[in-house]
Amino acid sequence: MKMQDKQAKQRQLAEETKARLQAEKARRQNRPLPTRAAATLDERPRILIVCQGQETEKSYFEGFEYVSAIIKTIPVAQDPVSLVEAAIQLRDQAKAAKNPYAQVWCVFDKDDSPADQFNAAVSRAHSQKLRVAYSNQAFEFWLLLHFEDHQGGGLDRALCTEKVLGYLPEGIGFEGNKKKRIGRTFFDILQSNDPQSGRNRRKVAIGRARAIAQRWQQAGTPPADQESATLVFDLVMQLQRHL
């Protein structure tokens, strides 16, 4: 295929993707509102997400439009153990101020963290009744499962990111230079229906991630050795209840 033909095809794909996303968004906006009474500000539960990523995770979780909960996302660029300790402190501060969180989630990656440190962070969080949504190796594995039925084998995080970008139309990807922010179009693609199967990508990713996690857990594999795996699906299942 000639270069000009290839570029024209990529531009057409990008335009078709944007048009489809706009149509889906329009359909969502035209849906009737739930018949239940909307919760007041004081009635809505507060959920705290303490995440390791300064941009990617924060932009992803803030991409949802929450109706029945108040979601606060705080990035903490620290190792997993320090992140958990920061989450404990934030939880205790909110409780002391008589404005407690209904749930506190710790979102962090294995990356290059030593195995004992990673496992210790998970154990520490559980001992403090915090929820954990770790990824091994990286958060991008959660994004990949929206497009590909990866079976949980080892996958380098750089290659994982490359594979994710390979599923996106030309001109759509992470925003920023070194920091990888998920922009609106990227986020909408993650929430859209796959044009071939017609299945919702987020629901598909949840099913895939849950199946992988169950296999690792049934085998008794420690978190640091669960490559590749992500528990972000558990957090997303909680969040989508408030959309």
Side-chain angles (χ1 to χ4, degrees), residues 41-66 68-143 157 179-182 187 202 205-206 209-210 212-213 216-217 221-243:
L41 183 63
D42 292 338
E43 292 174 337
R44 289 185 291 171
R46 300 173 70 240
I47 298 176
L48 174 64
I49 302 174
V50 182
C51 56
Q52 198 172 32
Q54 292 289 295
E55 291 287 345
T56 308
E57 290 91 326
K58 179 177 173 62
S59 59
Y60 174 78
F61 294 122
E62 292 182 347
F64 293 106
E65 297 178 0
Y66 304 104
S68 60
I70 300 173
I71 312 299
K72 186 173 184 179
T73 306
I74 298 180
V76 178
Q78 299 181 10
D79 63 83
V81 173
S82 299
L83 183 145
V84 171
E85 294 302 326
I88 293 172
Q89 184 177 10
L90 290 167
R91 178 203 60 186
D92 292 346
Q93 289 174 349
K95 186 176 181 179
K98 300 187 184 303
N99 193 20
Y101 292 104
Q103 296 179 21
V104 178
W105 286 82
C106 298
V107 181
F108 53 85
D109 297 343
K110 170 63 171 64
D111 285 338
D112 294 323
S113 298
D116 57 347
Q117 182 188 87
F118 188 75
N119 291 333
V122 176
S123 296
R124 173 65 170 158
H126 288 163
S127 71
Q128 288 290 312
K129 309 300 182 183
L130 304 183
R131 308 288 293 270
V132 180
Y134 62 76
S135 297
N136 188 350
Q137 291 186 1
F139 180 81
E140 285 73 16
F141 184 64
W142 163 246
L143 305 181
R157 59 185 181 274
K179 296 181 178 180
K180 299 185 298 183
R181 189 174 70 87
I182 297 176
F187 183 84
R202 184 177 74 237
I206 288 174
R210 179 164 48 193
I212 293 171
W216 286 120
Q217 291 166 2
T221 306
D225 297 326
Q226 296 177 9
E227 186 184 347
S228 296
T230 178
L231 299 189
V232 174
F233 78 91
D234 198 9
L235 171 54
V236 172
M237 288 179 65
Q238 294 294 320
L239 295 178
Q240 66 184 13
R241 296 169 58 188
H242 301 289
L243 301 180

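Since this is a predicted model, take the numbers as computed values, not measurements. In this chain, numbering begins with 1 at the start of the sequence shown.
Remark: side-chain polar atoms of Q103 are not paired, donor with acceptor, to backbone N or O of I47 under 3.5 angstrom. At distances below 3.5 Å, not a single donor-acceptor pair connects side-chain atoms of T56 with backbone N or O atoms of G53. Judged by distance alone, with hydrogens and angles left aside, the side-chain atoms of D79 form no donor-acceptor pair with the main-chain N or O of S113 at under 3.5 Å. With S59 contributing its side chain and E55 its backbone, the two residues share a donor-acceptor pair below 3.5 Å.
Aromatic ring orientation, F64 versus Y60: perpendicular (interplanar angle above 60°, classes split at 30° and 60°).
Going from atom OG1 of T230 over to atom CG of L235 covers 9.5 Å, rounded to the nearest 0.5 Å. In this structure, NZ on K58 lies 15.5 Å from CD on Q52, to the nearest 0.5 angstrom. Expressed to the nearest 0.5 Å, how far CD1 of I88 lies from OG of S127 amounts to 6.5 Å. Separating the CZ atom in R157 from the OG atom in S135 is a distance of 12.5 Å, to the nearest 0.5 Å. With rounding to the nearest 0.5 Å, the separation of CG in L231 from CE in M237 is 12.0 Å. D109 CG to E57 CD: the interatomic distance, rounded to the nearest 0.5 Å, is 5.5 Å.
A donor-acceptor contact closer than 3.5 angstrom links the side chains of Q137 and E227.
Taking the six-membered ring for Trp and the full ring otherwise, F108 and F139 have centroids separated by 6.0 Å or more.
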